[in-house]
Peer 1: 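Let me begin by handing over the structure; questions about it come next.
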Amino acid sequence: MALSVMGCSGEGSATKTAAMEGIMEGIFSEDVDRRIGAAKEIRRLTKTSTKHRQQLSGSIEPLVSMLRCGEPEATEAAILALLNLAVKDERNKIKIVDAGALEPLVEFLQSADMALQEYATAALLTLTASSANKPTISAVGAIPILVKILKDGNPQARIDAVRALYNLSTLLENVNTILASQPIPSLVNLLKSCKKSSRSAEYCTALLESLLNFEEARNALTAEEGGVLAVVEVLEEGSPQSKAHALGALLTMCESDRSKYREVILKEGVIPGLLELTVHGSPKAQSKARTLLQLLRNSPYPRPELQADTLENIVCNIVSKIDNDDRAEKAKKMLAEMVQVSMEQSLRHMQQRAIVCTPAELPLANRPSRVPSK
């Protein structure tokens, strides 16, 4: 039976309808080979097509039943078809869970077959994107297994496990389960081993930022050798999104207990990365970086407003206490650049004020200039 959906004119619509009917007949067939063929075609059609995900949603129950058939080829075909059906389709995500897919998927997460484990992790990741599914996924015991995959899985499975755990961590009641599974050592190991500008680093720091709202996670990170340093390295070398997560993580730590974490953060050379964010970061990142710099200075008492000269004094004070010559030199260079940018911003502000304050009745050529020409 030809299952492909052809894009031809004239009788194209009838051909497509017949092909779709053939796929649905195949997926409900008692013949294993026909079901495998239909599952592979469903996977192909739903890879990029929202329309096909909707049209083929009726295949979810027979695909879930294929997960339990014990035939490796059928299992793999069914997982990958369900994965594509769930992508960007909230209804299908919920239907897959309601059809009973979680139990076999959790079993596959523990499989010695690393490819099968990887596919199951990817499928579960997609299902965790639905808020409605998060309590159910936690209830079937998926979280400790995902943490184990974060430690022992293949590279892709580890990344998908981090992303799935982050999705699950947005539900507060899941956080205790995640922390009880002790994910921090594995998160730090993955963060150390990956390129700091990679998506892997972004997912790791996103999950860390979420977990570090809890003292148990903060204690685990500081107890892990190189844990805080790995976050600082992302602050310096990561993508803009990774830097934002790393900054949020460090700020959360310092705000939770300044006296406990100030020296821990400072000794890992955080200043250059923070200075760069005060110069080149987004407005939100600049604000957070200035707040963290203020928390890292000697005096624990905040000033009402962190002006440029105040920030410079804070940084100079911190830089003077950095033992590492290379990091101190980098911090000084960043400070010089920050001062330059601050001066330029002040000049622009003065120019804007001059324009606003110029008497409207004077001809433009006769208005006195408040700012020297460049």
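As the structure is a prediction and not an experimental result, all values here were calculated from the model.
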Peer 1: Donor-acceptor check, side chain of Thr170 to backbone of Tyr166, threshold 3.5 angstrom: yes or no?
Peer 2: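 Such a contact is absent between Thr170 side chain and Tyr166 backbone.
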Peer 1: Which atoms form the tightest heavy-atom contact between Ala78 and Met66, and what is the distance?
Peer 2: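 That would be CB-CB, 3.7 Å.
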Peer 1: Looking only at the side chains, is there a donor atom on one of Ser169 and Ser210 sitting less than 3.5 Å from an acceptor on the other?
Peer 2: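 There is such a pair (donor and acceptor under 3.5 Å, judged by atom type) between the side chains of Ser169 and Ser210.
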Peer 1: Which value, rounded to the nearest 0.5 Å, describes the distance between Cys194 atom SG and Arg158 atom CZ?
Peer 2: 9.0 Å
Peer 1: When rounded to the nearest 0.5 angstrom, what is the spacing between CD in Glu103 and CD in Glu107?
Peer 2: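 One finds 5.5 Å between CD of Glu103 and CD of Glu107.
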Peer 1: Taking Lys93 first and then Glu90, would you say they form a salt bridge - that is, a charged N and a carboxylate O separated by under 4.0 Å?
Peer 2: no
Peer 1: Under 3.5 Å, is there a donor-acceptor pair between the Asp113 and Gln117 side chains?
Peer 2: no
Peer 1: Taking the side chain as everything from C-beta on, heavy atoms only, tell me whether Glu236 gets closer than 4.5 Å to Pro272.
Peer 2: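 They are in contact (side-chain heavy atoms under 4.5 Å apart), so the answer is yes.
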Peer 1: What pair of heavy atoms forms the shortest contact from Leu295 to Cys254, and how long is it?
Peer 2: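 Answer, listing the atom of Leu295 first, then Cys254: CB-SG, 3.8 Å.
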Peer 1: Quick one: do the Ser256 and Arg218 side chains pair a donor with an acceptor below 3.5 Å?
Peer 2: yes
Peer 1: Which atom pair, heavy atoms only, marks the closest approach of Ala249 to Val231?
Peer 2: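 For Ala249 and Val231, the tightest heavy-atom pair comes out as CB-CG1, 4.4 Å.
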Peer 1: So how far is it from Ser111 OG to Tyr119 OH, rounded to the nearest 0.5 Å?
Peer 2: 12.0 Å
Peer 1: Has the side chain of Arg43 got a donor or acceptor atom that lies under 3.5 Å from a matching backbone atom of Ala81?
Peer 2: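 Judged by distance alone, no pair lies under 3.5 Å.
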Peer 1: Please check if the side chain of Ser29 supplies one atom and the backbone of Asp31 the other of a donor-acceptor pair under 3.5 Å.
Peer 2: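 Between the backbone of Asp31 and the side chain of Ser29 there is a qualifying donor-acceptor contact (under 3.5 Å).
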Peer 1: To the nearest 0.5 Å, what is the distance between CD (Gln182) and NZ (Lys151)?
Peer 2: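 Answer for the CD-NZ pair, Gln182 versus Lys151, is 9.5 Å.
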Peer 1: Any non-hydrogen side-chain atom of Met24 less than 4.5 Å from a side-chain atom of Leu56?
Peer 2: yes
Peer 1: Is the shortest side-chain heavy-atom distance between Leu83 and Thr46 below 4.5 Å?
Peer 2: no
Peer 1: A side-chain contact here means heavy atoms from C-beta on lying under 4.5 Å apart; do Val188 and Pro185 qualify?
Peer 2: no
Peer 1: Donor-acceptor pair, distance only, cut-off 3.5 Å: does the side chain of Arg262 make one with the backbone of Leu296?
Peer 2: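 Yes; at least one donor-acceptor contact below 3.5 Å.
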Peer 1: Between Arg258 and Glu255, is there a side-chain heavy-atom distance shorter than 4.5 Å?
Peer 2: no
Peer 1: For Val234 versus Ala246, what's the shortest heavy-atom pair and its separation?
Peer 2: CG1-CB, 4.0 Å
Peer 1: With no hydrogens and no angle check, is any side-chain donor or acceptor of Asn92 less than 3.5 Å from a backbone partner on Asp89?
Peer 2: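 Between the backbone of Asp89 and the side chain of Asn92 there is no qualifying donor-acceptor contact (under 3.5 Å).
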Peer 1: Is there a path of hydrophobic side-chain contacts, each under 4.5 Å between heavy atoms of I/L/V/M/F/W/Y residues, joining Val64 to Leu125?
Peer 2: no
Peer 1: Let me check something: do Val140 and Leu82 share a hydrophobic cluster, defined by ILVMFWY side-chain heavy atoms less than 4.5 Å apart, either directly or through other members?
Peer 2: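 As far as the 4.5 Å side-chain criterion goes, Leu82 and Val140 are connected within one cluster.
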Peer 1: Kindly indicate whether the side chain of Leu250, heavy atoms from C-beta on, has any atom under 4.5 Å from the side chain of Val228.
Peer 2: yes
Peer 1: Quick check: is Ile79 connected to Val87 through a chain of hydrophobic side chains (ILVMFWY, heavy atoms under 4.5 Å apart)?
Peer 2: no
Peer 1: Can you tell me how far CD1 of Ile143 sits from NZ of Lys134, rounded to the nearest 0.5 angstrom?
Peer 2: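 Reported value, rounded in 0.5 Å steps: 11.0 Å.
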Peer 1: Looking at Ser287 and Pro283, would you say the former's side chain and the latter's main chain have a donor-acceptor pair under 3.5 Å?
Peer 2: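 No, Ser287 side chain to Pro283 backbone: no donor-acceptor pair under 3.5 Å.
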Peer 1: Please answer whether the main-chain N or O of Gln286 pairs with a side-chain N or O of Lys288 as donor and acceptor at a distance below 3.5 Å.
Peer 2: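 The answer is no, because no donor-acceptor pair under 3.5 Å joins these two groups.
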Peer 1: Strictly below 4.0 Å, N to O, side chains only: are Glu73 and Lys40 in salt-bridge contact?
Peer 2: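 A salt bridge is present here (some side-chain N lies under 4.0 Å from a carboxylate O).
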Peer 1: Of all heavy-atom pairs between Thr121 and Ala161, which one has the smallest distance, and what is that distance?
Peer 2: CG2-N, 3.7 Å
Peer 1: Are there more than 12 heavy atoms of other residues, nucleotides or ligands under 6.0 Å from atom NZ of Lys260?
Peer 2: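 More than 12 heavy atoms, drawn from other residues, nucleotides or ligands, come within 6.0 Å of this atom.
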Peer 1: Test Cys204 against Lys192 for side chain to side chain contact (heavy atoms under 4.5 Å, CB included), laying out the working first.
Peer 2: CA-CA 10 Å; Cys204 285; Lys192 285 179 179 178; over 6 Å; no
Peer 1: Is Gln110 reaching over with its side chain to a backbone N or O of Val106, donor-acceptor style, under 3.5 angstrom?
Peer 2: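 Confirmed, Gln110 side chain pairs with Val106 backbone.
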Peer 1: So that I can tick it off, tell me whether Lys243 and Glu276 are bridged by a salt bridge, with the cut-off set at under 4.0 angstrom between side-chain N and carboxylate O.
Peer 2: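 Here Glu276 pairs with Lys243 in a salt bridge, since their nearest N and O are under 4.0 Å apart.
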Peer 1: Closest approach of Asn133 and Ile94, non-hydrogen atoms and distance?
Peer 2: OD1-CA, 3.9 Å
Peer 1: Is Leu221 linked to Leu266 within one hydrophobic cluster, defined over Ile, Leu, Val, Met, Phe, Trp and Tyr using a side-chain heavy-atom separation of less than 4.5 Å?
Peer 2: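 As far as the 4.5 Å side-chain criterion goes, Leu266 and Leu221 are connected within one cluster.
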Peer 1: Could you see if Phe214 belongs to whatever hydrophobic cluster contains Ile265? Use Ile, Leu, Val, Met, Phe, Trp, Tyr and a side-chain cutoff under 4.5 Å.
Peer 2: yes
Peer 1: Determine, step by step, whether Glu41 and Ile27 satisfy the side chain to side chain contact (heavy atoms under 4.5 Å, CB included) criterion, reporting the C-alpha distance in whole Å, the side-chain angles of both residues, the deciding distance to 0.1 Å, and the verdict.
Peer 2: CA-CA 10 Å; Glu41 190 66 6; Ile27 203 65; over 6 Å; no
Peer 1: Salt bridge check: are Glu202 and Arg199 linked by an N-O gap of less than 4.0 Å?
Peer 2: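 Salt bridge between Glu202 and Arg199, a charged N being under 4.0 Å from a carboxylate O: yes.
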Peer 1: How about Ile96 and Leu63: do any of their side-chain heavy atoms sit closer than 4.5 Å?
Peer 2: no
Peer 1: Is a side-chain N or O of His52 found less than 3.5 angstrom from the main chain of Leu45, in a donor-acceptor match?
Peer 2: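 Pair found, side chain donor or acceptor close to backbone of Leu45.
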Peer 1: Looking at Glu61, I want to see if its CD is surrounded by more than 12 non-hydrogen atoms of other residues, nucleotides or ligands under 6.0 Å.
Peer 2: no
Peer 1: In sequence, state the C-alpha distance, the side-chain angles, and the governing distance for Ile178 and Leu146, and then conclude on side chain to side chain contact (heavy atoms under 4.5 Å, CB included).
Peer 2: CA-CA 9 Å; Ile178 294 172; Leu146 287 169; over 6 Å; no
Peer 1: After noting the C-alpha distance and the side-chain angles of Leu124 and Asp160, does the key distance pass the side chain to side chain contact (heavy atoms under 4.5 Å, CB included) rule?
Peer 2: CA-CA 9 Å; Leu124 200 66; Asp160 287 346; over 6 Å; no
Peer 1: Mind checking whether Met253 and Thr222 have side chains closer than 4.5 Å, heavy atoms only?
Peer 2: yes
Peer 1: Do you see a donor-acceptor pair shorter than 3.5 Å between the side chains of Asn167 and Thr128?
Peer 2: yes
Peer 1: Looking at Lys196 and Leu191, would you say the former's side chain and the latter's main chain have a donor-acceptor pair under 3.5 Å?
Peer 2: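 It does hold such a pair.
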Peer 1: Nearest 0.5 Å, what's the CG-CD1 distance between Leu85 and Ile60?
Peer 2: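 It is 5.5 Å, given to the nearest 0.5 Å.
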Peer 1: With a 3.5 Å cut-off and no angle check, do the side chains of Arg53 and Thr48 form a donor-acceptor pair?
Peer 2: no
